[in-house]
Each structure stands twice: as C-alpha cells, then as structure tokens.
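Residue numbering restarts at 1 for every chain, and letters A, B, ... go by the order of the sequence lines.
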Number of protein chains: 2
Amino acid sequence: MTPSNRTSDSANALRLEQQICYAMHTTVRAFDAAYRELLSDHGISYPQYIALMTVGEHGPLTVGRLGELMHLDSGTLSPLLKRMEAAGLVGRARDPEDERRVVVSVTAAGHHLLGALGDVPHQIAVRSGLSRQELLDLHRTLRRVTERLDTGA
Amino acid sequence: MTPSNRTSDSANALRLEQQICYAMHTTVRAFDAAYRELLSDHGISYPQYIALMTVGEHGPLTVGRLGELMHLDSGTLSPLLKRMEAAGLVGRARDPEDERRVVVSVTAAGHHLLGALGDVPHQIAVRSGLSRQELLDLHRTLRRVTERLDTGA
DNA sequence: GGCAATTACATTGTGCGCAATATGATAGTA
DNA sequence: TACTATCATATTGCGCACAATGTAATTGCC
C-alpha cells in the first residue's frame with residue numbers, strides 16, 4: 001500500500017464515519033415514508049402507530065412507562081397522546097391511586113385499528129428487502145451501537 | 001420444531017419486523033445526541049453540520065443541488081440555510097445567470113468552523129464502537145435498504 | 001412578442017423530538 | 001399540621017422534516 005493510498009483510505013474512513021450517521025438518517029426517513037404510505041389513510045403517524053402497538057401489547061401504561069419503552073419523554077408523548085385521544089384511539093385517565101400519573105389505554109376503536117394494521121410490519125419488512133438473518137444482524141448491531149452511544153456519554 | 005415454537009417464531013418475526021425500524025429511530029436519536037454534545041458549543045445542529053460539510057466539499061451549490069445530495073427539499077433547507085446565513089456560516093446569493101437559483105457558499109467563518117470540527121466524525125465513530133468492517137457492512141446495508149424502500153413504492 | 005408550462009425557491013401548516021420550565025400531587029420530616 | 005423535596009406530567013420554545021401551496025424567473029411554442 002502506497003502512502004497516497006493510505007491517505008486516500010484515511011480520507012475515505014473519515015467520509016464513512018461522518019456519513020454512517022447520515023446514511024441512517026436517510027434510511028429512517030425512507031422507512032418513515034413507507035410507513036406513511038400505509039398509515040396515512042388511517043389517520044395516524046408512525047410514532048402514533050408505535051405508541052398504539054406498545055400500549056396494546058403491554059396493556060394500560062402510565063405515560064412515564066410508555067416513555068421508557070419508547071425512549072421518549074413527556075414533551076413528545078403528551079401532545080402525541082392528546083392527538084390520539086382526540087382521534088378516539090386511546091383513553092387517558094388520571095390514576096386514582098396517584099393523581100400525578102396518567103394511565104393510557106387502547107379504546108375499542110384503537111384495537112380495531114390495530115387489527116386492520118396487522119399486516120403492516122410484514123409489508124414493511126418485505127419492502128426493505130432484508131432477509132430474516134439480515135434483520136437479526138442489523139437489529140443486533142443497532143442495539144449494540146445505541147447502548148454504546150447512550151452509556152459512552 | 002413444535003407448532004407452538006413455530007407460532008412463537010412467527011410472533012417474534014413480526015415483532016422484529018415491526019421494531020427494526022423503531023430500533024433505527026432510537027439509534028439515530030442516540031447518534032444525534034452524541035453529535036449534539038460535540039456541536040452545541042459551536043451553535044450548530046447536526047443537519048446544519050452536514051449541510052456545511054457538503055457545501056464545503058462540493059464548493060458553492062444551488063439549494064436544489066444541495067437538496068439532492070442531502071435528500072431534503074426546500075421546505076427543510078430554506079429555513080435551515082437562513083439560520084446558517086444569520087450565524088455567518090454560509091452566504092446565499094441569487095445566481096445572476098438564472099435568478100430563480102440561490103447559490104450557497106461557505107464563508108470564512110464557516111471554513112474556520114469546519115476546521116475546528118475536523119475531529120468530530122472520528123470521535124463519533126469511536127463512540128459508536130463499530131469496527132471499520134462493521135461500519136462498511138452497516139453502510140452497505142443501509143444504502144441497499146434505502147434504495148429498495150425508495151424505489152419499491 | 002405574448003402566453004402557457006415549467007423550474008427553483010419560499011412559505012405555511014402540522015407533527016416529531018429535545019431542553020427548559022411550570023404545575024400539581026405525593027412523600028418525608030420537623 | 002406545615003413545610004420542603006421529589007415525582008409525574010404538561011407546557012413552551014426551537015429546530016427538523018414533509019405536504020401543499022405560493023411566487024417569481026425562465027423556457028417553449030405559436
């Protein structure tokens with residue numbers, strides 16, 4: 001390897017490092033666009049869909065617990081949940097045991113929508129073109145990177 | 001493999017498919033937080049940083065060309081570039097050849113900031129904990145998925 | 001030249017996400 | 001009980017991203 005090649009490699013490494021994050025941004029936006037296509041007819045966004053699925057799976061959750069599961073805080077969740085409540089998909093009620101807490105639950109309409117959207121994850125997976133093994137590998141990589149970035153502050 | 005195992009695998013497959021995208025969301029936000037730590041002292045955001053680097057690399061660009069490179073439209077770029085112009089990092093000028101076009105260039109202060117931020121990509125790469133090979137693999141996977149999602153509409 | 005179609009940006013409105021702050025409820029303590 | 005600290009959520013302000021629309025400049029065609 002010549003010195004000029006090493007220089008070039010180093011420059012490429014920098015470009016790669018700097019762009020791996022932007023590549024992820026771009027891919028996420030492409031995923032979002034694909035979800036938007038499948039979800040917009042039903043009047044919900046991708047984050048709302050995730051919130052609906054999460055509450056649907058875990059049963060009624062406090063806002064704080066939902067935030068832990070989704071890695072989001074009340075500044076994001078409060079208005080999102082209010083929009084979903086206005087759309088009739090979830091209920092929000094103060095916990096009588098502790099009036100500070102707000103418990104979020106899926107309404108009948110919300111469950112109905114979840115049923116109608118049951119095939120969405122598979123459609124997205126097919127569109128992504130990733131094999132099951134690639135999905136597993138990617139997911140493992142993402143989890144590892146996220147943990148590294150979160151703890152390595 | 002028993003039927004119950006198959007059912008379980010199928011459920012897990014669905015969960016994986018549905019969550020690979022959200023895992024990417026979470027990872028991107030972790031990357032953003034890492035960049036924010038390194039960039040906020042200099043008064044710019046991650047998208048602004050990318051825009052600055054892109055114009056710095058390619059030389060003066062029209063808004064449209066920058067949008068092609070960043071995969072963003074004028075609805076995002078126009079206000080972003082105006083903020084960067086207000087911060088003195090870029091210049092914006094109508095192209096005399098075609099007054100519809102706005103040409104974006106990096107100012108002296110912008111070049112100075114780019115120099116000061118030269119080590120940021122490497123710091124991020126180190127924090128991510130990914131090896132060079134893993135970076136390459138991940139980048140390849142992301143490019144492939146993005147293209148599939150973009151074309152497969 | 002005159003006029004419609006196209007091009008390149010800008011603007012508006014909506015939602016997501018984060019930081020900082022505010023509000024109200026609960027717990028702890030004197 | 002009163003007073004403070006803490007906790008759970010809400011609110012505000014800012015920036016990013018997208019969709020839809022608006023506007024001014026250019027091109028194409030007659």
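If you take CG of A/Asp32 and C1' of C/dG15, they are 12 Å apart, rounded to a whole angstrom. Between the CD atom of B/Glu99 and the C1' atom of C/dA10 there is a distance of 15 Å, rounded to whole Å. Regarding A/His71, its NE2 atom lies at a distance of 11 Å from the P atom of C/dC18, rounded to whole Å. If you measure from atom CG of B/Leu72 to atom C1' of D/dA19, you get 14 Å, rounded to the nearest angstrom. Spacing between atom CG of B/Leu80 and atom C1' of D/dC14 amounts to 13 Å, rounded to whole angstrom units. Per the geometry, CE belonging to B/Met70 stands 7 Å off P belonging to D/dA17, to the nearest Å.
Nearest heavy-atom pair across B/Pro79 and B/Ser74 is CD-O, 3.9 Å. The two residues A/Thr107 and A/Gly88 come nearest to each other via the heavy atoms OG1-O, 2.6 Å. What you find for B/Ala34 and A/Leu149 is that their closest heavy atoms are CB-CD2, 4.3 Å.
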I'd like a table of donor-acceptor pairs (distance under 3.5 Å, sequence neighbours excluded) in which one partner is a side-chain atom from residues 43-53 of chain A, with atom names and distances.
from    : atom 1 : to      : atom 2 : distance (Å)
A/Ser45 : OG     : A/Gln48 : N      : 3.3
A/Tyr46 : OH     : B/Tyr22 : N      : 3.0

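Remark: the backbone N or O of B/Val103 is not paired with any side-chain donor or acceptor of B/Arg92 at under 3.5 angstrom.
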With 3.5 Å as the limit, what N/O pairs link the protein to nucleotides 10-12 of chain D?
from   : atom 1 : to      : atom 2 : distance (Å)
D/dA10 : OP1    : A/Arg92 : NH1    : 2.8
D/dA10 : OP2    : A/Ser78 : OG     : 2.3
D/dA10 : N7     : A/Ser74 : OG     : 2.8

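In this structure, B/Arg101 does not reach the C/dT7 phosphate: none of its side-chain N or O atoms is under 4.0 Å from OP1 or OP2.
Which of D/dG15, C/dT26, C/dC18 sits closest to the side chain of B/Gln48 comes down to D/dG15.
Nearest-nucleotide positions on DNA chain C place A/Ser45 closer to the 5' end than the other of A/Ser45 and A/Arg100.
Taking a cutoff of 4.0 Å between a charged side-chain nitrogen and a carboxylate oxygen, A/Arg65 and A/Glu68 qualify as a salt bridge.
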